[in-house]
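A quick note: this is a predicted structure, and the numbers were derived from the prediction, not measured.
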Amino acid sequence: MIVHQFNAAGSKARQDLDDAPIIRIHDLRKSFGSLTVIDGLSFEVHRGEKLALIGPSGSGKTTILRMLMTLETISGGRIEVCGEPLYHMSRNGAEVPADEAHLHEMRRHIGMVFQHFNLFPHKSVIDNITLAPMLTQGVARADAERQARELLEMVGLADKEASMPSQLSGGQKQRVAIARALALKPEIMLFDEVTSALDPELVEEVLEVMKRLAAETDMTMLLVTHEMGFAREFADRVLFFDRGRICEQGTPEQIFTNPAQDRTRTFLRKIIAAGHRV
């Protein structure tokens, strides 16, 4: 099965993480005009770690994922991915801003699943999955289609390869989007509120796919979510963000059972009052 391509270390990956962080973020800053959304942020993510980013809307969580995917530029600080600077490169013995070739090469390490699917509406399910490997990695069509069918089987959509996105439910579209991101075999997967655009009865089918990925692969995974119950099951570590900074971090048990900060407790009380499971 395709899942084995992401799990050379087997199920021990969660307990036996590499020492060297796969992501390093140091003194990161991001502003949109006069609005500062990330302010002096520093943290590391270890290879194979499953990280949940939680916090109120506007606290900078999605912006962090978009900067890792180079969809937003940084205003200051530094990001390293797989030991290499993301937004800088070496030229003539000096470090200079990264050019597009460097950014393109660094993006090969990272896949992202978006809130609103972003499937190509005029292409079939299998074409949505095969397009990027064929165009960006030179994968032969037969090999790309074989891998796509394995991925569709993994996400429970083996019978939908010829369907168009308009023929799918929201949950099915999101599972196709996950398969499409996996087709590029990234070392790091970013999930940005992947269930927030779904009807409640469709949320669980997407979460089940993500639970399987978390349990059975050694991919590093960063999840931005308001599904606190899922974050508790999914994550090795939880980061609670407020106003562009990490207010508190710890294991899911620490954060959801005995948070140390008043701001975290207030946030979780509001989540519970709104009817969400923690």
Side-chain angles (χ1 to χ4, degrees), residues 6 23 30 32 37-38 45 50-55 57-74 79 81 86 103-104 106-133 135-136 148 151-152 154-157 160 163-200 202-214 217 219-227 230-231 234-235 241:
F6 303 97
I23 298 171
K30 176 61 179 178
F32 296 98
V37 294
I38 303 292
V45 183
K50 318 306 182 200
L51 196 68
L53 283 60
I54 67 170
S57 297
S59 58
K61 309 179 301 297
T62 290
T63 300
I64 293 164
L65 298 195
R66 290 180 63 83
M67 287 189 290
L68 281 166
M69 198 65 199
T70 70
L71 298 173
E72 298 283 357
T73 59
I74 65 175
I79 300 177
V81 174
L86 181 57
L103 293 174
H104 176 76
M106 295 300 292
R107 288 187 200 111
R108 295 169 67 92
H109 299 290
I110 305 171
M112 186 167 178
V113 183
F114 299 86
Q115 178 178 349
H116 293 291
F117 327 131
N118 291 1
L119 299 178
F120 295 112
H122 60 290
K123 291 188 176 294
S124 68
V125 164
I126 197 165
D127 285 344
N128 262 279
I129 297 170
T130 58
L131 183 64
L135 289 181
T136 68
L151 286 166
L152 285 170
M154 189 194 76
V155 300
L157 295 173
K160 298 294 185 181
S163 298
M164 302 299 288
S166 62
Q167 299 172 306
L168 304 179
S169 70
Q172 290 170 333
K173 290 176 185 176
Q174 196 58 285
R175 284 185 281 158
V176 172
I178 291 172
R180 180 179 61 179
L182 290 173
L184 291 171
K185 302 180 183 177
E187 297 169 71
I188 301 164
M189 277 284 284
L190 311 177
F191 297 93
D192 182 24
E193 294 283 11
V194 295
T195 61
S196 63
L198 302 179
D199 292 334
L202 301 178
V203 168
E204 191 60 32
E205 66 187 58
V206 175
L207 296 184
E208 284 299 322
V209 170
M210 294 173 63
K211 287 176 187 176
R212 183 179 178 194
L213 285 174
T217 79
M219 278 189 302
T220 306
M221 299 167 70
L222 279 70
L223 169 75
V224 169
T225 187
H226 283 97
E227 297 280 348
F230 177 67
F234 165 91
F241 283 82

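To the nearest 0.5 angstrom, T130 atom OG1 is 11.0 Å from L151 atom CG. How far CE of M106 is from CG of L103: 9.0 Å, rounded to the nearest 0.5 Å. In this structure, CG in L223 is found 9.0 Å from CG in L51, a value given to the nearest 0.5 Å.
The side chain to side chain contact (heavy atoms under 4.5 Å, CB included) search around T62 returns R66, D192, V224, not counting sequence neighbours. Every residue was checked against the salt bridge (charged side-chain N to carboxylate O under 4.0 Å, His left out) condition with E193, not counting sequence neighbours, and none meets it.
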| said: One pair to check against side-chain contact (heavy atoms from CB on, under 4.5 Å): M69 and L190. What are the steps and the verdict? | reply: CA-CA 8 Å; M69 198 65 199; L190 311 177; 4.3 Å; yes
| task | Evaluate the side-chain contact (heavy atoms from CB on, under 4.5 Å) criterion for residues M210 and I178: first the C-alpha distance (whole Å), next the side-chain angles of each, then the deciding distance (0.1 Å), finally the verdict. | result | CA-CA 9 Å; M210 294 173 63; I178 291 172; 4.1 Å; yes
| side-chain contact (heavy atoms from CB on, under 4.5 Å) between E204 and L207: does it pass, once the steps are laid out? | CA-CA 5 Å; E204 191 60 32; L207 296 184; 4.2 Å; yes
| request: Before giving the answer on side-chain contact (heavy atoms from CB on, under 4.5 Å), spell out for L152 and R175 the whole-Å C-alpha distance, their side-chain angles and the decisive distance to 0.1 Å. | output: CA-CA 8 Å; L152 285 170; R175 284 185 281 158; over 6 Å; no
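K211 places no side-chain N or O within donor-acceptor distance of the main-chain N or O of F234, the cut-off being under 3.5 Å. With K61 contributing its side chain and F241 its backbone, the two residues share no donor-acceptor pair below 3.5 Å. In this structure, K123 contributes its side chain and P165 its backbone to no donor-acceptor pair below 3.5 Å. A donor-acceptor contact shorter than 3.5 Å is absent between the side chain of Q172 and the backbone of L157. For R180 (side chain) and F117 (main-chain N/O), a donor-acceptor pair under 3.5 Å exists by modelled atom type.
The closest side-chain heavy-atom distance from T73 to K30 is below 4.5 Å. In this structure, the side chains of M154 and L182 come closer than 4.5 Å at one or more pairs of heavy atoms.
A pairwise comparison of heavy atoms in M112 and A181 identifies O-CB, 4.0 Å as the closest pair. The two residues L213 and M219 have their closest heavy-atom pair at CD2-CE, 4.1 Å. Looking at every heavy atom in both residues, V194 comes nearest to F114 through CG1-O, 4.2 Å. Shortest non-hydrogen contact noted between I129 and A148 is CG2-CB, 3.6 Å. The two residues I74 and I79 come nearest to each other via the heavy atoms CG2-CD1, 4.0 Å. Nearest heavy atom pair, residue I23 against residue L222, reads CD1-CD1, 4.0 Å.
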